[in-house]
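Data first, discussion second: the structure below is written as C-alpha cells.
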Amino acid sequence: MRKEVQVVAQSTDADWVSRFADEVIAEAERRAPGKTIVCASGLSPSGPIHLGNLREVMTPHLVADEIRRRGHDAVHIISWDDYDRFRKVPAGIDPSWAEHIGKPLTSVPAPAGSEYPNWAEHFKAPMIAALAELGVEFRGISQTEMYTSGAYREQILLAMRERNTIDTVLDRYRTKKPAKVSADEDEAAAAEGSGAAGEDDGKAAAGYFPYKPYCSVCERDLTTVTAYDEASTELAYTCQCGHSETVKLSEHNRGKLVWKVDWPMRWAYEGVVFEPSGVDHSSPGSSFQVGGQIVGEVFGGKQPIGPMYAFVGISGMAKMSSSKGGVPTAADALQIMEAPLLRWLYARRKPNQSFKIAFDQEIQRTYDEWDVLTRKVTEGTANEADTSSYGRAAGTATGPLPVTPRPLPYRTLASIVDITTGQDEQTLRILRDLDPADPITSLDEARPRLDLAQHWITTQVPADQRTQVREEADKELLDSLGDTQRESLRLLAEGLDEHWSLDGLTTLVYGVPKIQAGLPADTKPTPELKVAQRNFFALLYTLLVSRDTGPRLPTLLLAVGADRVRRLLGQ
RNA sequence: GGGCCGCUAGCUCAAUGGCAGAGCUGCGGACUUUUAAUCCGUAGGUUCAGGGUUCGAAUCCCUGGCGGCCCA
C-alpha cells in the first residue's frame with residue numbers, strides 16, 4: 001500500500017454548506033477559473049410553491065451565499081418553468097379550466113379573482129415576495145421568455161441534429177413501454193421542485209424528436225412531430241385539435257425541448273455548477289441521471305454538483321390544509337414565523353435529511369430553541385456548528401435580516417394575544433408589566449413577532465385549545481358552591497381594584513387561600529395550603545374559561561378586565 | 001416489483017473509523033408564587049437485528065426488519 005498524502009484543506013467540523021462551497025469553488029476553478037459561479041434552482045409555478053419546493057431554493061441559496069462570503073462572485077439563478085404544460089385542473093378551480101390543459105402555464109388564465117395576468121404569474125408572485133423577505137437574492141429566468149424569444153435556437157437545432165444520440169441515451173434507461181405519459185403524474189411533479197420527473201420524452205411513431213411544438217391554433221401541446229428536415233429545419237406536426245402545419249425551427253419560437261433534454265441544455269447554457277434536486281431524481285433513468293449523459297454527449301457541458309434533498313414535512317396545520325387544498329407555502333410560513341427562523345430550519349439540516357416545519361404547538365419549542373441559540377451566539381458560548389447555522393439564518397453576505405427589537409418569547413406572546421384577542425390596549429398593558437424594570441413603550445417593539453404569534457393563534461390553533469373567556473357566568477356551578485368557595489370568590493373580587501397589577505394580582509390569588517386559612521400573607525406555603533391554592537385556581541379557571549387550567553391567572557385577570565371578572569364570579 | 005433516504009436517550013437530532021453528545025420532555029430543587037412564567041441541577045444508551053472487515057465500528061461491507069419518499 002502506497003503512502004497516503006491526504007491533504008485536508010477544509011476544517012473538519014465545517015457544516016454542510018461550507019463543505020459544498022468548498023466543492024463548488026474547486027469545481028468552478030477547474031471549469032472556468034475566475035468566472036462567476038452559477039448556482040441554480042428550478043421551480044414550476046403550476047400551483048402553490050410550497051415549503052418542500054423552498055428547499056430547492058434554499059439549498060443553492062445558502063451555498064451561493066457562502067461562496068459570496070468568501071469573496072467569490074456567485075449568482076443564484078431560478079429557472080421558472082413557466083413554459084411547462086398545464087397538466088391538470090387542481091381541486092377548487094373551476095372545471096372549465098380543463099380546456100387549458102396542454103397549454104404553457106403562461107398561457108393559462110390565472111384562477112378567478114387573481115390580479116395576475118396568467119396562471120404562472122399568479123403562483124410566482126407570492127414566492128418572489130417570500131424570497132425577498134427571506135433575503136434570497138436571485139436572478140429569475142422565465143423559460144417562456146427564453147423559448148419564445150428564440151434564445152435557445154442553437155441548442156434546439158443541435159438537439160434535433162443529435163436526436164439519435166439522445167434517443168440512444170434515453171434508451172439505456174427506458175424500461176418497458178415507450179409511451180408512458182400518465183395523467184396522475186402532476187401530483188408527483190407538484191411534490192418536488194425541479195420539474196416533471198416522468199414526462200413524455202419525445203418518442204413518437206415517426207422517430208424520436210426532442211422538441212415538442214405548442215399548436216399554433218389551439219396553443220396546446222397535443223402535437224406529434226411527423227417529420228423533420230435537417231437542412232431546411234422544416235418540422236411538420238399534427239395536433240389533436242385537427243391542425244397540422246410545417247414550421248421552420250430556425251424561426252419557430254412556440255415549443256420546447258422535452259424535459260430530459262431541456263434540463264441538461266440549460267446546465268450547459270447557463271454553466272451551472274451547483275443545482276440540487278429532489279429525491280425522485282435519484283433513481284436510474286431519472287432526468288438528473290439521464291441529463292448527466294446528455295449534457296456531455298450532446299451539449300458539450302458538464303453536470304452540476306447536485307445533492308439530492310429530502311422531504312420537508314409539516315406538522316400541524318389546523319385550517320390550511322382543508323381550505324387551501326395543499327401543503328403550505330413559504331408565504332404561509334412567514335405569516336407565523338420570522339424569516340431568520342425559517343432560514344434556520346433549512347440551514348441546520350443537511351439536504352439529505354428530511355425534517356418537519358411546525359405549524360402546531362411545536363412552533364413554540366422551535367422558537368425557544370432559536371432564542372436560546374441567539375443568546376448563546378451573542379454571549380459567545382455557542383459551539384461552532386450552532387454558530388455557523390445561526391449566521392446563515394440571521395443574515396446573508398449582504399447583511400443581517402430584520403429582527404424583532406424586543407424578542408419576547410413566542411409562547412408568551414401567543415398566550416397573551418390568545419386571551420386579549422389581539423386588542424392592542426390590553427396587549428400593551430400586559431407586555432409592559434412583563435418586565436417592569438424596562439417596560440416596552442410600544443407594541444412595535446414586539447413586532448413583527450407579536451403579529452406572527454397572533455396570526456398563529458388565530459389561524460393554526462384549534463378552537464378547543466384556545467382560551468375562551470366565558471360570556472355568561474356559570475350559574476349552575478356558582479349555585480352549587482359551598483360557603484368556603486363563595487367566600488374565596490368574594491375575597492378575590494373585593495381585592496381586585498386594590499391589586500390591579502400583575503404583581504398585585506399574583507399576591508392576591510395566592511393570598512386568598514392564606515387568608516381563608518387564617519394565615520398571614522407572607523406565610524411560606526405548606527402542603528395543605530398548596531392544595532387549597534390549587535383548588536382555588538381550578539375553580540377560577542372553570543368559572544372564567546370553563547376549564548381547570550389556563551394562562552397564569554394574573555395575566556388572565558388583567559386581560560379579562562375587572563368588571564367582567566366580577567360578573568363571571570357572580571359577585 | 002425497482003430505486004433513494006433514514007433507523008442513536010421518552011421526543012427531535014449531533015458525533016464525516018478513535019472517550020456516544022446536545023436541546024426538549026421527565027425527575028429534583030430555587031424564586032414570598034406546584035398555573036400554559038423564569039432560573040439551577042439531574043437522570044436517561046445492547047446506536048433496529050444478525051454477521052463480516054479492522055488494533056478499534058453508530059460510522060465501512062453483507063443479510064434481514066421497520067419507516068418515509070419516489071418510480072413502475
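No hydrogens, no waters, no symmetry mates; every other heavy atom, side chains included, goes into these values. In what follows, chains carry the letters A, B, and so on, assigned in the order in which the sequence lines appear, proteins first and then strands, with residues in each chain numbered from 1.
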Could you give the [atom1]-to-[atom2] distance, from [X] to [N], as a whole number of Å?
X: A:D371; N: B:G23; atom1: CG; atom2: P; value: 16 Å
X: A:K376; N: B:A22; atom1: NZ; atom2: C1'; value: 7 Å
X: A:M308; N: B:C5; atom1: CE; atom2: C1'; value: 11 Å

Original post:
Mind checking what makes side chain to side chain contact (heavy atoms under 4.5 Å, CB included) contact with A:K356, not counting sequence neighbours?
Top reply: A:S315
Where the side chain of [X] is defined as all heavy atoms beyond and including C-beta, which of [options] is the nearest nucleotide?
X: A:Y510; options: B:G23, B:U34, B:U32; value: B:U34
X: A:R534; options: B:U34, B:U32, B:A15; value: B:U34
X: A:Q533; options: B:C5, B:U34, B:G23; value: B:U34

Report all interatomic pairs (protein N or O, nucleotide N or O of nucleotides 11-13 of chain B) with separations under 3.5 Å.
| from | atom 1 | to | atom 2 | distance (Å) |
| --- | --- | --- | --- | --- |
| B:C13 | O3' | A:Q353 | NE2 | 2.7 |
| B:C13 | O2' | A:R349 | NH1 | 3.2 |

Subject >> Distance below 4.0 Å between A:N352 side-chain N/O and B:C4 OP1 or OP2 >> reply: no
Grab the N/O contacts between the protein and nucleotides 37-40 of chain B below 3.5 Å, and write none if there aren't any.
| from | atom 1 | to | atom 2 | distance (Å) |
| --- | --- | --- | --- | --- |
| B:A37 | N9 | A:R552 | NH1 | 3.0 |
| B:A37 | N7 | A:R552 | NH1 | 2.8 |

Original post:
Would you find more than 12 non-hydrogen atoms of other residues, nucleotides or ligands less than 6.0 Å from A:R490 atom CZ?
Top reply: yes
**OP:** Assign the ring pair A:W16 / A:F20 to parallel, tilted or perpendicular, where the plane angle (0 to 90°) is split at 30° and 60°.
**Re:** perpendicular
**OP:** Kindly assign one of parallel, tilted or perpendicular to the pair A:Y410 and A:W456, based on the angle between their ring planes and the thresholds 30° and 60°.
**Re:** tilted
**OP:** Check salt bridge (charged side-chain N to carboxylate O under 4.0 Å, His left out) between A:E471 and all other residues, then give those that pass, not counting sequence neighbours.
**Re:** A:R564
Subject >> Partner set under salt bridge (charged side-chain N to carboxylate O under 4.0 Å, His left out) for A:R466, not counting sequence neighbours >> reply: A:D418
Original post:
With A:Y208, which of A:T168, A:V258, A:D171 fulfils side chain to side chain contact (heavy atoms under 4.5 Å, CB included)?
Top reply: A:V258
Original post:
At under 4.0 Å between heavy atoms, what does A:T506 touch on the DNA or RNA strands: base, sugar-phosphate, or nothing?
Top reply: base
**OP:** Look at all strands and tell whether A:T467 reaches a base, only sugar-phosphate, or nothing, counting heavy atoms closer than 4.0 Å.
**Re:** base
**OP:** Could you give the distance separating B:U25 and B:G10 at their C1' atoms, to the nearest angstrom?
**Re:** 7 Å
Original post:
A:R55 versus A:M58: any side-chain heavy-atom pair under 4.5 Å?
Top reply: no
Subject >> Nucleotide-level pairing of RNA chain B, given in dot-bracket where Watson-Crick and G-U pairs need both distances under 3.5 Å and | marks other strands >> reply: (((((((..((((....[..)))).(((((.......))))).....(((((..]....)))))))))))).
Original post:
For A:A333 and A:L51, which heavy atoms make the closest approach, and how far apart are they?
Top reply: CB-CD2, 3.9 Å
**OP:** Could you tell me whether the side chains of A:Q335 and A:T459 share a donor-acceptor contact shorter than 3.5 Å?
**Re:** no
